[in-house]
Each structure stands twice: as C-alpha cells, then as structure tokens.
Amino acid sequence: MKYDLAIIGAGILGMAHAYHAAQAGQKVIVLEKDTIPQGSSIQNFGQIVPSGLGSNWFEFGQKSVEIYQKIQEKYDLTVRQNGTVYIASNHDEEQLANELYQYYTNIGYPAELLSRRECFFKYPMINAQYSKAGLYFPTELSVEPNQLIYRLIRYYKDQLKGEIQTSTTALACNSKADHVEISTSKNQIIKAKKVLICCGYTFNILYPNLLANSGLVVCKLQMLQTIPQKFIKMSGNILTGLSIRRYEAFAEMPSYQKMSTPWRYSELQKWGIHILFKQALDGSIIIGDSHEYATVADSHNLGFQINETINDLIIAEARRISDISQLKIARKWYGTYSQHPSDIFINDPTPNIRICTGIGGKGMTSSLGFALQHLTTWL
Ligand SMILES: Cc1cc2nc3c(=O)[nH]c(=O)nc-3n(C[C@H](O)[C@H](O)[C@H](O)COP(=O)(O)OP(=O)(O)OC[C@H]3O[C@@H](n4cnc5c(N)ncnc54)[C@H](O)[C@@H]3O)c2cc1C
C-alpha cells in the first residue's frame with residue numbers, strides 16, 4: 001500500500017493530523033480541492049487563545065501552543081508570543097476576570113490581573129473610560145492566518161517529506177477490506193489504509209446525507225481590517241467585555257449565571273457580536289466579529305453578502321472601546337466555520353474512514369493538540 005493515511009482537506013485540522021502522522025513516520029498524503037486552501041483556516045483572526053476555551057479543551061490549546069512554538073524554533077510559521085488580554089468594562093466582567101484568574105493561577109497557568117492604570121499603559125489605544133481592569137495571559141500566541149497554513153504545508157512537505165495534492169477534490173471513498181480507494185477529480189484512484197476527512201464546512205461532496213443529519217451547524221462571521229498603521233502598536237490578542245460574556249472559560253465561573261446584561265448589549269448579542277482586535281505584521285488592525293448560525297440544510301440562507309448593519313454595530317462598539325475604529329477600513333469579509341454541539345464531530349462511515357470536522361471557533365487554538373491525542377487513539 002502506497003499510503004498509511006490519506007487526509008482530505010488542508011485546513012488547520014487536516015494539516016495538524018498530517019503533521020503528527022508524518023512526524024510519527026507514517027506515509028501520508030493530503031488532498032485539497034482548492035489550488036491554495038481558502039477555508040476557515042485562512043479567513044480567521046489568528047488568535048491562539050487557550051485561556052478562552054472550556055476546561056475540556058483547554059489542554060488541547062495548551063499543547064497546541066507548545067507545538068506551534070516547537071515548529072517556530074525551526075521554521076517561521078509567523079508565530080509570536082505576545083499574549084492575550086481580556087479588558088473588563090464593568091463590575092460583572094471584572095468579577096469574572098478575577099474568578100478566571102484565580103482558577104488558572106490554581107492550576108499553574110500563567111495569568112496576571114491588570115489594574116485600569118496598567119491597562120492604560122500597556123494598551124494606550126483602549127479608551128481609559130472603557131477599561132476597568134484586565135486579565136492577561138503572557139504565554140499565548142498570535143499568528144498570521146493568511147500565511148500560517150501555507151507555511152505549515154511547506155514545512156510538512158520539505159521537512160517531513162509529506163505529500164500533498166492541491167486542486168484535487170476527493171469525490172468518493174470506497175472502503176475495501178484492508179484499504180480505502182479515493183476517486184479524485186483528476187481521475188485518479190488513491191489507495192490508503194485509512195482515510196481522515198477534515199472537510200471544514202464543505203458538506204456537499206463526501207457523505208452529504210450523513211453530514212446534513214449530523215447536528216453540524218454553519219457559522220458566518222463578519223470581519224474588518226484597517227489600512228496598515230505605522231505609529232500604532234497593539235501587541236497580542238485584545239478581547240473585550242463582550243468576549244468575557246461569550247467565551248466558554250468565563251461561562252464556567254461561579255458568577256457567570258448572576259451576570260446582568262447592560263441594555264446596549266442586547267442588539268449586539270442578537271448578532272453574536274463581540275469585539276476583538278489584532279494587529280497583523282503589516283501594522284493593519286483586524287477588528288471583529290459577529291456570529292450568525294444555520295443548519296447544514298439551511299446554510300444557503302446565511303447568504304453571500306456582507307450585512308452592513310452588522311458592520312455598523314461592530315464599528316460603533318469598537319469606537320466606544322478604542323480610537324482604532326476611526327481608522328480607514330481597507331478590507332471587509334466574512335468567514336465561515338462548521339461547529340458541532342459536542343465540540344467536534346467524529347463519525348466513522350466504515351472502520352477505515354473517519355470524518356472529523358466541526359471544531360468551531362477554536363480550530364486555530366486547539367487543532368495541533370487535539371490531533372496529537374486523536375491519532376494515538378485512532379491510528
Ligand atoms: C472569521 C473567523 C475567525 C476565527 N478566528 C479564530 C481565532 O482567532 N482563533 C481560533 O482558534 N479559531 C478561529 N476561528 C476558527 C478556525 O478558523 C477554524 O476552527 C478552523 O480554521 C477550522 O479548520 P478546518 O481545517 O476544520 O476547516 P477549513 O480551514 O475550512 O479546511 C477544510 C479544507 O477541506 C477542503 N475540502 C473540503 N472538502 C474537500 C474534498 N472533498 N476534497 C478535497 N478538499 C476538500 C477545503 O477546501 C478546505 O481547505 C475563526 C474562524 C473564522 C471563520
């Protein structure tokens with residue numbers, strides 16, 4: 001057999017599995033339908049933020065940070081260790097920040113509480129009236145999403161001698177007794193002992209009926225990016241009050257249920273808006289985002305347009321938080337990811353074919369750590 005493992009989809013989830021399998025000496029091939037991958041793994045923020053994950057996924061995030069750094073020492077993946085801050089804007093958010101600080105300190109995960117004054121000096125672009133306190137995680141990372149996956153593919157090919165075929169759609173998988181035959185859009189039959197399908201939010205090619213009835217949902221997120229800024233320095237991942245109200249880690253804290261919601265948040269929360277900032281390597285600042293959901297069957301209802309009402313709400317709230325939002329916007333886009341109620345969707349249509357998708361909004365943060373553990377139990 002030519003390949004031990006064929007992976008369908010060269011997003012972060014597929015490439016994380018390809019990296020670990022090739023590293024373990026398996027003969028691996030990745031098939032990617034696009035000429036260069038363009039899915040969620042390119043459309044995102046590039047924030048590697050284990051601190052926001054629920055406790056059941058936190059270790060995957062922590063492990064991913066370790067692996068990103070290990071690769072970065074040998075090969076530039078654009079990984080920067082510049083930390084994450086959550087800026088609390090009122091008493092309730094500050095209370096949750098304090099509780100999460102206590103939780104992480106107890107388990108030995110580096111965390112610092114920042115006073116309003118410290119927030120001001122460390123993040124001068126955040127309006128002093130907005131920030132009441134900050135919760136800072138110094139070990140967390142950011143990456144350039146428009147470069148990371150391409151560099152990871154190059155590392156996998158050049159250093160680990162892994163194979164990849166782009167512009168190649170896997171059209172069908174036929175399971176035999178001891179292998180799988182994959183038919184591709186290039187009229188090939190590729191044989192591998194096992195196949196892993198990491199198809200992101202592409203549901204209409206392989207196993208469409210199974211995926212349509214899987215409980216998977218599709219999420220559409222709107223994003224904005226300013227023109228490059230020479231004189232503004234915003235280090236790391238900056239998350240704000242609505243993120244504290246949204247992220248799983250905070251939702252597990254004792255005071256979460258008692259939180260009151262200021263009236264101004266209701267319209268923002270209706271669109272799943274929370275405000276995050278991240279400065280890219282060219283100096284531009286990425287601002288987001290919103291969340292609209294649909295089932296697989298209804299995903300077309302999310303539409304192909306940018307909803308300017310949502311962007312106006314994002315900009316108005318970003319303006320309340322920071323002066324950055326006065327800057328000229330260079331780009332607007334929406335991204336998409338797939339998500340499953342049980343954190344990730346894993347299903348085996350046959351014993352040697354596995355579907356693994358629906359990692360949701362945590363894929364950049366946790367895929368490398370998750371894939372390591374997943375492969376040890378599956379391969
Ligand atoms: C706007 C936005 C912001 C985000 N911000 C963050 C963040 O800051 N931090 C974080 O941790 N996560 C973030 N996420 C989530 C993260 O991007 C996703 O969890 C992750 O990228 C999902 O990776 P994936 O490999 O499952 O999917 P994808 O990246 O979509 O990859 C799937 C790949 O499979 C290929 N494919 C599908 N079917 C076939 C087929 N039949 N044959 C061949 N190829 C096929 C597709 O072409 C695609 O390249 C964000 C997501 C979005 C959209």
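Both counts, for ligands and for their atoms, begin at 1 and track the order of listing. From a predicted model like this one, the values you see are computed outputs, not experimental measurements.
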Inset, instruction - Within a distance under 4.0 Å of any heavy atom of Ile359, pick out the atoms of ligand 1 and give their elements. - result: 19 (O), 22 (C)
Is there a polar contact between ligand 1 and [X], counting only N or O atoms under 3.5 Å apart?
| X | result |
| --- | --- |
| Ile8 | no |
| Ala170 | yes |
| Tyr337 | no |
| Leu13 | yes |
| Gly363 | yes |

Inset, instruction - Report, as yes or no, whether the 6.0 Å neighbourhood of atom OH on Tyr130 holds more than 12 heavy atoms from other residues, nucleotides or ligands. - result: yes
Legend entry - Over 12 foreign heavy atoms within 6.0 Å of NZ, Lys70: no
Legend entry - Per-residue contact class, Thr365 against ligand 1 - non-hydrogen pairs under 4.0 Å: both
Legend entry - Lys33, portion touching ligand 1 at heavy-atom distance under 4.0 Å: both
Inset, instruction - Kindly indicate whether a cation-pi arrangement holds for Lys220 with Tyr334, taking the cut-offs as under 6.0 Å to the six-membered ring centre and within 45° of the axis. - result: yes
Inset, instruction - For Asn237 and Leu141, indicate whether the former's side chain and the latter's backbone hold a donor-acceptor pair under 3.5 Å. - result: yes
Inset, instruction - Decide if the gap between the ring center of Tyr247 and the ring center of His274 is smaller than 6.0 angstrom. - result: yes
